[in-house]
Each structure stands twice: as structure tokens, then as C-alpha cells.
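When a ligand or atom number is given, it counts from 1 through the structure's own listing order. As the structure is a computational prediction, the values presented were derived from the model and not from experiment.
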Amino acid sequence: MKLPPLEYACPSSLSEAIALLASHDDAKAIAGGQSLVPMMAFRIATPTLLVDLRKLTELRGIKISADGVRLGALVRWRDILDDKRLATAHPLLQAAVTHVAHYQIRNRGTVGGSIAHADPAAEMPGIVVTCDAEIAVVGKSGQRKIAAGDFFVGALMTTFDHDEIITEIKLPAWPPHRRWGFQEFARRRGDFAMAAAALFYDQDTNGKASNAHVGIIGVGDLPLRLTEVEAAINGHAVDEATMVRAAEVTSATVNAQQDIHASAPYRRSLAGTMVERALQDAAGR
Ligand SMILES: Cc1cc2nc3c(=O)[nH]c(=O)nc-3n(C[C@H](O)[C@H](O)[C@H](O)COP(=O)(O)OP(=O)(O)OC[C@H]3O[C@@H](n4cnc5c(N)ncnc54)[C@H](O)[C@@H]3O)c2cc1C
């Protein structure tokens, strides 16, 4: 389908981009275009001005320090997969991105675009919520940081303003011996998740889990942290009994949606299975 007529701008500074976005009520930033262009082709999004972020080099790059991992908003899926440092600095992030779409889309799609688009079945929103990431945005009223848990409010809905630009996503530091797992069920490889679980925990010297973070993707209308499941893991050895219990608690408590692909009870059951399998991976590491 052809796109509707629109204006296009490609600013070379962040301040120019912010001014352009603020100049039109229906202006939109464009990064990789992998979600926005299809939305425009289907007339779900109808911006009259596109503000292309491609020249904003300050939004590129992956920085790793003792403080954590900082992803510029224009970091592409490909950049994450190619960065060998992330195998230790954030293995959960890298594992999740292996499930994002296909080669061509991974060459263009960006982390900032994914977070802004806020598809509940997309991997990156689930990772930022699971990992307590902080999202930096800048607009005409200045810069602010939003906790990932406060960022998503529903399917394709977020708390940042239309004239704000996401600049950076900060994932807290990842300790070397952390246990983690990522499991996803999709109809075909590279499709959005029908259900996925992203989780990690730390293990004390007695073999008991602490600091469990369990996130679920593609089940509700936004990525969710499952606090009841985390409580079922913390303070326990992650053995078969704990895994089965965590799966049961997931299926009993997760807020699942139904759509053309699956009923809510099916998604609840699948979510439990994903959590159990992700815990098996974590315990085996
Ligand atoms: C066939 C296909 C399969 C896909 N499969 C998956 C999948 O399995 N998992 C998955 O996670 N994704 C999938 N995607 C989506 C893909 O990952 C997109 O790249 C991503 O969701 C959006 O990134 P983008 O850079 O392309 O954003 P764009 O399409 O350029 O923008 C998307 C939205 O974000 C806004 N935006 C972009 N950057 C910023 C910024 N820095 N600040 C503020 N707003 C911004 C835009 O205004 C727009 O509203 C798929 C896409 C396609 C076409």
C-alpha cells in the first residue's frame, strides 16, 4: 500500500529534532521504520510530518561500565547481536534479541523504536520491564528519566509525550554469576511472541535464590512483572518442585488477553510452561 502524502525532515541535531516534533501536533519520529511504515501503510498512524533521527549520532552506541549497559536509542538489533561484550555484560538481552524478527528487520529496527512502539508481544519492552531499566527522554521541557515499569500503559501506549525523543535505555549492571533464562513460543521463528518468559535470579552460598525478576511477554496488553512468581522463587533452591510451583503460580495469576491467535486460558497455560522452561535453563547455567 502507498503511504499518504506527508512532509519529511532529517535534522542534524537533537534540539532541531525536538523543535520539529513540537511544531506539529501529528509529527512523528522515525528510526528504523520497521513498525511505523507498516502502520502508516495501513493508515493506523497518519503523521503529517516525519522527523528522521538517522543523523543524530549521539543516539547511537552501546556503552558498558560498572554501572550497567547504556543503549543509545538508535542501537539496532544487529548491533546488540554483534557486540561480543554483551555475552557477559547482559546475556539475557542478547538472548531475547535472537528472537526479534528476521535478518533484514534486525538490520534496521532500533531499541528506541521498539520501546516507543510498545508492542506487548515485542521482546525489548519485556526486557526493560524485567530488568528495571531506566529510559531517558528529552523534549522541549528538558530531559527526564522514566522507570521502565512506569513507561508502558497498554498495547501501543506509553507515558512519554509525542514531542519527546527517547535518547537512551540504561540496564542495571549484571553480576557475573547471575542465573537467567529466556524462553519464547511463537508460531514461526521470528514472529512476535505468543508467550515468552524473561527471568533471572541470584543464588546465595546455600543454593537459595534471591532477587528473582520474572517478566512475561505477549500474554497481557503490556509487558508484566510477575511478583507472585518471584515470591515463589526467592528463598528457595531452584529445583524441580520450585519450577513446577512457579509455573502453577504463573498460570494462576498472569493477566492474559485473548486474540485471534489464542484464548486467554491457553496463553495462561503457555506462560506457565515458558516460566518453567526458562527456570530450567537458568538452573542449568
Ligand atoms: C515482519 C516484521 C516482523 C517483526 N517481528 C518482530 C519481533 O519478532 N519482535 C519485535 O520486537 N519486533 C518485531 N518487529 C518490529 C521491529 O523490531 C521494529 O524495528 C521495532 O518495533 C521498531 O523499531 P524501529 O526503529 O523500526 O521504529 P520505527 O518503525 O521507526 O518507529 C516506531 C515508533 O517509535 C517511534 N520512535 C522511534 N524511535 C524513537 C525515539 N528515539 N524516540 C521516540 N519515538 C521514537 C516512532 O515515532 C514510531 O511511533 C517486526 C517488524 C516487522 C516488519
Side-chain angles (χ1 to χ4, degrees), residues 3 6 8-11 14 17-18 20-22 24 26-42 44-61 71-81 93 95-129 135-140 143-144 146 151-152 155-169 182 184-196 198 217-218 223 261:
L3 299 184
L6 51 89
Y8 171 86
C10 194
L14 196 50
I18 292 162
L20 280 162
L21 283 175
H24 283 55
D26 48 8
K28 262 195 171 297
I30 182 161
Q34 300 301 296
S35 294
L36 183 54
V37 173
M39 298 265 288
M40 288 165 63
F42 284 110
I44 298 166
T46 51
T48 54
L49 170 65
L50 277 190
V51 180
D52 195 335
L53 305 180
R54 76 166 78 178
K55 287 189 189 157
L56 307 183
T57 48
E58 61 268 54
L59 304 190
R60 297 191 191 278
L71 304 170
L74 290 181
V75 165
R76 302 166 307 152
W77 307 125
R78 181 82 263 148
D79 301 325
I80 292 172
L81 293 174
L93 169 69
V97 172
T98 63
H99 292 266
V100 175
H102 309 284
Y103 186 79
Q104 292 86 343
I105 294 152
R106 295 206 288 255
N107 276 340
R108 297 195 74 96
T110 66
V111 293
S114 177
I115 300 297
H117 186 57
D119 190 316
E123 289 79 4
M124 193 66 198
I127 290 297
V128 296
V129 167
I135 296 159
V137 300
V138 61
K140 62 181 193 308
Q143 195 188 28
R144 63 191 179 112
I146 308 172
F151 190 82
F152 304 99
L156 312 188
M157 288 192 290
T158 62
T159 50
F160 83 105
D161 293 332
H162 98 276
D163 60 353
E164 288 181 312
I165 293 175
I166 299 169
T167 53
E168 188 178 80
I169 295 155
F182 186 90
E184 175 168 323
F185 184 85
R187 284 169 306 149
R188 293 163 301 203
R189 174 134 196 97
D191 275 9
F192 283 96
M194 200 179 274
I217 299 164
H261 303 303

A.B. asks: For Ile166 and Leu59, work out which heavy atoms get closest and say how close.
C.D. replies: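 Scanning both residues, the minimum pair turns out to be O-CD1, 4.2 Å.
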
A.B. asks: Would you mind listing which atoms of ligand 1 come within a distance below 4.0 Å of any non-hydrogen atom of Phe160?
C.D. replies: 43 (C), 44 (N)

A.B. asks: Do Arg189 and Glu184 come within less than 4.5 Å of each other through their side chains, counting heavy atoms only?
C.D. replies: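 Not in contact.
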
A.B. asks: With heavy atoms of Ala73 as the reference, note each atom of ligand 1 found under 4.0 Å away.
C.D. replies: 41 (N)

A.B. asks: Which atoms of ligand 1 sit under 4.0 Å from any heavy atom of Trp77?
C.D. replies: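 Listed by number with element: 17 (O), 19 (O).
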
A.B. asks: Any side-chain heavy-atom pair from Arg78 and Tyr103 closer than 4.5 angstrom?
C.D. replies: yes

A.B. asks: If you compare all heavy atoms of Pro120 against all heavy atoms of Ile217, which two are closest, and at what distance to 0.1 Å?
C.D. replies: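 Nearest pair, atom of Pro120 first, then Ile217: O-CG2, 3.6 Å.
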
A.B. asks: For the residue pair Leu36 and Lys28, what are the closest heavy atoms and their distance?
C.D. replies: CD1-CD, 3.6 Å

A.B. asks: Would you say Glu123 has any N or O atom under 3.5 Å from an N or O of ligand 1, going by distance alone?
C.D. replies: yes

A.B. asks: Would you check whether Gly33 reaches within less than 4.0 Å of ligand 1, judged by its heavy atoms?
C.D. replies: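 Yes, Gly33 has a heavy atom closer than 4.0 Å to ligand 1.
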
A.B. asks: In the protein, which heavy atom is nearest to atom 19 (O) of ligand 1, and how far is it?
C.D. replies: Gly109 CA, 3.0 Å

A.B. asks: Out of the candidates Val100, Thr98, Val111, only one should pair with Ile80 under the side-chain contact (heavy atoms from CB on, under 4.5 Å) rule; please name it.
C.D. replies: Val111

A.B. asks: Heavy-atom pairs closer than 4.0 Å: do any link ligand 1 to the side chain of His99, the backbone, both, or neither?
C.D. replies: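 The backbone, only.
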
A.B. asks: To check your reading of the model: name the closest protein heavy atom to atom 44 (N) of ligand 1, its residue, and the distance in Å.
C.D. replies: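 For atom 44 (N) of ligand 1, the nearest protein heavy atom is Ala116 CB, 3.5 Å.
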
A.B. asks: Which is closest to atom 48 (C) of ligand 1 by heavy-atom distance: Ala27, Ala29, Gly218?
C.D. replies: Ala29

A.B. asks: Considering only non-hydrogen protein atoms, determine which one is nearest to atom 5 (N) of ligand 1 and report residue, atom name and distance to 0.1 Å.
C.D. replies: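 Checked against all protein heavy atoms, atom 5 (N) of ligand 1 sits closest to Ala101 CB, 3.3 Å.
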
A.B. asks: Anything under 30° is parallel, anything over 60° is perpendicular, the rest tilted; go ahead and classify Phe151 against Phe160.
C.D. replies: parallel

A.B. asks: Are Leu74 and Leu53 side-chain neighbours, meaning at least one heavy-atom pair lies under 4.5 Å?
C.D. replies: yes

A.B. asks: With a 4.0 Å heavy-atom cut-off (strictly under), which part of Leu53 contacts ligand 1: side chain, backbone, both or neither?
C.D. replies: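 For Leu53, the contact with ligand 1 is made by the side chain alone.
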
A.B. asks: So, the side chain of His162 versus the backbone of His24: is there a donor-acceptor pair under 3.5 Å, distance only?
C.D. replies: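 Yes: the side chain of His162 pairs with the backbone of His24.
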
A.B. asks: Looking only at non-hydrogen atoms, which of Leu36, Ile166, Asp161 approaches atom 29 (O) of ligand 1 most closely?
C.D. replies: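 Among Leu36, Ile166, Asp161, the closest heavy atom to atom 29 (O) of ligand 1 comes from Leu36.
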
A.B. asks: Between Val100 and ligand 1, does any nitrogen or oxygen pair lie at a separation below 3.5 Å?
C.D. replies: no

A.B. asks: Tell me whether Met124 reaches ligand 1 (any heavy atom closer than 4.0 angstrom to a ligand atom).
C.D. replies: no

A.B. asks: How far is atom 20 (C) of ligand 1 from its nearest protein heavy atom, and which residue and atom name does that atom have?
C.D. replies: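 The answer is Ser35 OG, 3.4 Å.
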
A.B. asks: Among protein heavy atoms, which lies nearest atom 25 (O) of ligand 1, and at what distance?
C.D. replies: Thr110 OG1, 2.6 Å

A.B. asks: Can you tell which of Glu123, Arg108, Arg106 makes a side-chain contact (heavy atoms from CB on, under 4.5 Å) with Trp77?
C.D. replies: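 Answer after filtering Glu123, Arg108, Arg106: Arg106.
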
A.B. asks: Please list the nearest protein heavy atom to atom 26 (O) of ligand 1 with its residue and the distance rounded to 0.1 Å.
C.D. replies: Gln34 N, 2.8 Å

A.B. asks: If you compare all heavy atoms of Ile115 against all heavy atoms of Ile135, which two are closest, and at what distance to 0.1 Å?
C.D. replies: CG2-CD1, 3.9 Å

A.B. asks: Hey, are the side chains of Arg76 and Asp79 touching, using non-hydrogen atoms and a 4.5 Å cut-off?
C.D. replies: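 Yes - at least one pair of side-chain heavy atoms lies under 4.5 Å apart.
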
A.B. asks: What residue and atom, counting heavy atoms only, is the protein's closest point to atom 24 (P) of ligand 1, and at what distance?
C.D. replies: Gly32 N, 3.5 Å

A.B. asks: Looking at Thr167 and Ala136, would you say the former's side chain and the latter's main chain have a donor-acceptor pair under 3.5 Å?
C.D. replies: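 Between the backbone of Ala136 and the side chain of Thr167 there is a qualifying donor-acceptor contact (under 3.5 Å).
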
A.B. asks: Applying a heavy-atom cut-off of 4.0 Å, say which part of Ile105 lies close to ligand 1: side chain, backbone, both or neither.
C.D. replies: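 Answer for Ile105: side chain.
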
A.B. asks: Would you check whether Glu164 has a nitrogen or oxygen atom less than 3.5 angstrom from a nitrogen or oxygen atom of ligand 1?
C.D. replies: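 For ligand 1, there is no N or O atom that lies under 3.5 Å from one belonging to Glu164.
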
A.B. asks: Specify the protein heavy atom at minimum distance from atom 13 (C) of ligand 1: its residue, its atom name, and the distance to 0.1 Å.
C.D. replies: Phe192 CZ, 3.2 Å

